[in-house]
> 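Provided herewith is a single structure, encoded as structure tokens, for subsequent inquiry.
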Amino acid sequence: MLSSARHLHGFPEQRSAGGAHGVTARLSNAAAEGNRLLAQALEALHGWQVRQAEREIHRYRRSVRSSSN
């Protein structure tokens, strides 16, 4: 059965809950969630880098002390 032009008009918007506004809201929420996850990943990476730098400094200080004796 063929749909009328009136039925097809705005079909993508009608297909999703909330119409075009609903799609925009969902995309905005997905972007916000992606940003939140990215921020968490960057914080974890930064924490790892700080701990790694602390280990390297400690290793260097031990090396300097042992070579000066």
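All figures in this text were calculated on a predicted structure; none of them were measured in a lab. Index from 1, following the sequence.
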> Counting only heavy atoms from other residues, nucleotides and ligands, does the tally under 6.0 Å from CZ of Arg61 exceed 12?
no
> According to side chain to side chain contact (heavy atoms under 4.5 Å, CB included), who are the partners of Leu37, at least two apart in sequence or on a separate chain?
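For Leu37 the side chain to side chain contact (heavy atoms under 4.5 Å, CB included) partners, ignoring immediate neighbours, are Glu33, Gln40.
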> Identify each donor-acceptor pair in which a side-chain atom of residues 41-54 lies under 3.5 Å from a protein atom, sequence neighbours left out, and give them as a table.
residue	atom	partner	partner atom	Å
Arg51	NH1	Gly47	O	3.2
Gln52	OE1	Arg55	NH2	2.7
Gln52	NE2	Glu56	OE2	3.4

> To the nearest 0.5 Å, tell me how far Arg26 CZ sits from Thr24 OG1.
9.5 Å
> Restricting to non-hydrogen atoms, name the atom on Ser66 and the atom on Ser63 that form the minimum distance, rounded to 0.1 Å.
OG-O, 3.0 Å
